[in-house]
Amino acid sequence: MGTKEVIRSRHRLRRAAMSTAELDAAGAAIARHGLAWASGLGDGGPQTFAAYLGVGSEPPTLPLLAALHGAGHRVLLPVCEPGLALSWVYWTPASEFVRSRYAPIQEPTGERFGTPVVRDAAGIFLPATALDRSGNRIGQGGGYYDKFLADLAALPSSPSRPRVGQLPTAAIVYDAEVLPAGSIPAESFDQKVASALTPGGLVRLS
């Protein structure tokens, strides 16, 4: 078991060596498998999903966002706020992006909503640099998503979502970034995820 930073650095180097063709193929496969996962949640009709825009050598997610929108789903994308907080903006293919003030990501413009807007989502697509089969996740190191997931789980329930903390989660990584159980050190503030979404398909994590 290496430290999180060692694992993160190793996978970032591997990602940086990927070709444009490899990235394009990964994005198309992730969109296909991600839409299939989304279609199996809820009542099968249009739902809301929290997702994110992959940038650089991250697994491309724009094809997934377009596929979700094309299937009639609503898509929420994050905006980084002070204090490691996330707010959320509804995305469409016409949305514009700007560089984040707080993180190396592109963020959608538009009306911002707080964590409660995600309470009634059907599922959450999360960024990661690696996962293990125990459900432990390594993000980008900022801590935004661990805080967001903890805040989400602490929200009171609603009639349509009696168990907020049980929202389905899928972190998006490349196939080689799903590691054996126990490979990633877990800390008290870490939030486990249920599944990995990779170009090869959906991997259920314990």
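Count residues from 1 along the sequence. Computed from a predicted structure; not experimentally measured.
Of all heavy-atom pairs between Gln191 and Asp146, the closest is N-OD1, 3.1 Å. Minimum heavy-atom separation, Trp91 to Leu65: CZ3-O, 3.3 Å. Across all their heavy atoms, Ile30 and Pro199 have their closest contact at CG1-N, 3.8 Å. Of all non-hydrogen atoms in Glu58 and Leu23, the two that sit nearest each other are O-CD2, 4.3 Å. Residue Leu35 comes nearest to Ala67 through the heavy atom pair CD1-O, 3.9 Å, listed as atom of the first residue, atom of the second, then distance. Ile7 and Ser183 get closest at one heavy-atom pair: CD1-O, 3.6 Å.
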Original post:
Yes or no on side-chain contact (heavy atoms from CB on, under 4.5 Å) for Gln106 and Arg99, after CA distance, side-chain angles and deciding distance?
Top reply: CA-CA 5 Å; Gln106 295 292 314; Arg99 180 75 171 184; 3.6 Å; yes
**OP:** Go through the steps for Val203 and Leu131 under the test side-chain contact (heavy atoms from CB on, under 4.5 Å), then give the verdict.
**Re:** CA-CA 10 Å; Val203 180; Leu131 299 162; over 6 Å; no
**OP:** Might you work through the side-chain contact (heavy atoms from CB on, under 4.5 Å) test for Asp120 and Thr48, ending with a clear yes or no?
**Re:** CA-CA 8 Å; Asp120 294 319; Thr48 297; over 6 Å; no
**OP:** Test side-chain contact (heavy atoms from CB on, under 4.5 Å) on Val89 and Leu77 and set out the steps.
**Re:** CA-CA 5 Å; Val89 173; Leu77 297 186; 5.6 Å; no
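The NZ atom of Lys147 sits 11.5 Å away from the CG atom of Leu149 when rounded to the nearest 0.5 Å. The structure places CG of Leu76 at 11.0 Å from CG of Leu68, a figure rounded to the nearest 0.5 Å. We find the OG1-CZ distance between Thr61 and Phe125 to be 10.0 Å, quoted to the nearest 0.5 Å. Taking NE2 of His33 as the start and OG of Ser195 as the end, the distance is 13.5 Å to the nearest 0.5 Å.
With hydrophobic clusters built from ILVMFWY side chains whose heavy atoms lie under 4.5 angstrom apart, Leu53 shares a cluster with Tyr145. In the hydrophobic cluster analysis, where Ile, Leu, Val, Met, Phe, Trp and Tyr join through side-chain heavy atoms closer than 4.5 angstrom, Leu202 is grouped together with Leu167. Cluster annotation: Ile105 is not connected to Tyr102 through the hydrophobic network of ILVMFWY side chains, with a link wherever side-chain heavy atoms come within less than 4.5 Å. In the hydrophobic clustering of this structure, Leu84 does not group with Val79; members are Ile, Leu, Val, Met, Phe, Trp, Tyr whose side-chain heavy atoms approach within less than 4.5 Å, directly or through other members. A continuous path of ILVMFWY side-chain contacts below 4.5 Å connects Leu62 to Tyr52, so both sit in one hydrophobic cluster.
At least one donor-acceptor pair closer than 3.5 Å links the side chain of Thr3 to the backbone N or O of Val6. Using a distance-only test at 3.5 Å, with no hydrogens or angles considered, a donor-acceptor pair links the side chain of Thr129 to the main chain of Ile138. A distance-only check finds a donor-acceptor pair linking the side chain of Arg119 to the backbone of Pro156 [under 3.5 Å]. Within the 3.5 Å criterion, the main-chain N or O of Val173 finds no donor-acceptor partner in the side chain of Thr198. Using a distance-only test at 3.5 Å, with no hydrogens or angles considered, a donor-acceptor pair links the side chain of Lys192 to the main chain of Ser134. Using modelled atom types, no side-chain atom of Ser100 and backbone atom of Glu107 make a donor-acceptor pair closer than 3.5 Å.
Each of Arg12, His11, Glu5 was scored for a side chain to side chain donor-acceptor pair (under 3.5 Å) with Ser9, with one residue passing: Glu5.
Residues Arg14 and Glu177 are paired through a salt bridge, judged by an N-O separation under 4.0 Å between the basic side chain and the carboxylate.
Using a 4.5 Å heavy-atom cutoff, the side chains of Ile124 and Leu152 are in contact. Using a 4.5 Å heavy-atom cutoff, the side chains of Leu179 and Arg133 are not in contact. Side-chain atoms of Met18 and Ser57, non-hydrogen and from C-beta on, never get closer than 4.5 Å to each other. When side chains are defined from C-beta on, Pro63 does not count as touching Arg32, because their heavy atoms never get closer than 4.5 Å. Side-chain contact check for Pro116 versus Leu155: some heavy-atom pair is nearer than 4.5 Å. Two residues are said to be in side-chain contact when any heavy atoms from C-beta on lie closer than 4.5 Å; Tyr144 and Cys80 meet this criterion. The side-chain heavy atoms of Leu205 and Val193, taken from C-beta on, include a pair separated by under 4.5 Å. Side-chain contact between Ile184 and Arg137 is absent, with no heavy atoms from C-beta onward closer than 4.5 Å.
Judged by the 6.0 Å distance and 45° axis criteria, Arg15 is not positioned over the aromatic ring of Tyr174.
In this model, no donor atom of one side chain and acceptor atom of the other lie less than 3.5 Å apart for Glu96 and Thr109.
Using the six-membered ring where Trp is involved, Trp88 and Phe148 have ring planes that are tilted, between 30° and 60° apart. In this structure, Phe49 and Trp37 have tilted ring planes: the angle between them lies in the 30° to 60° band.
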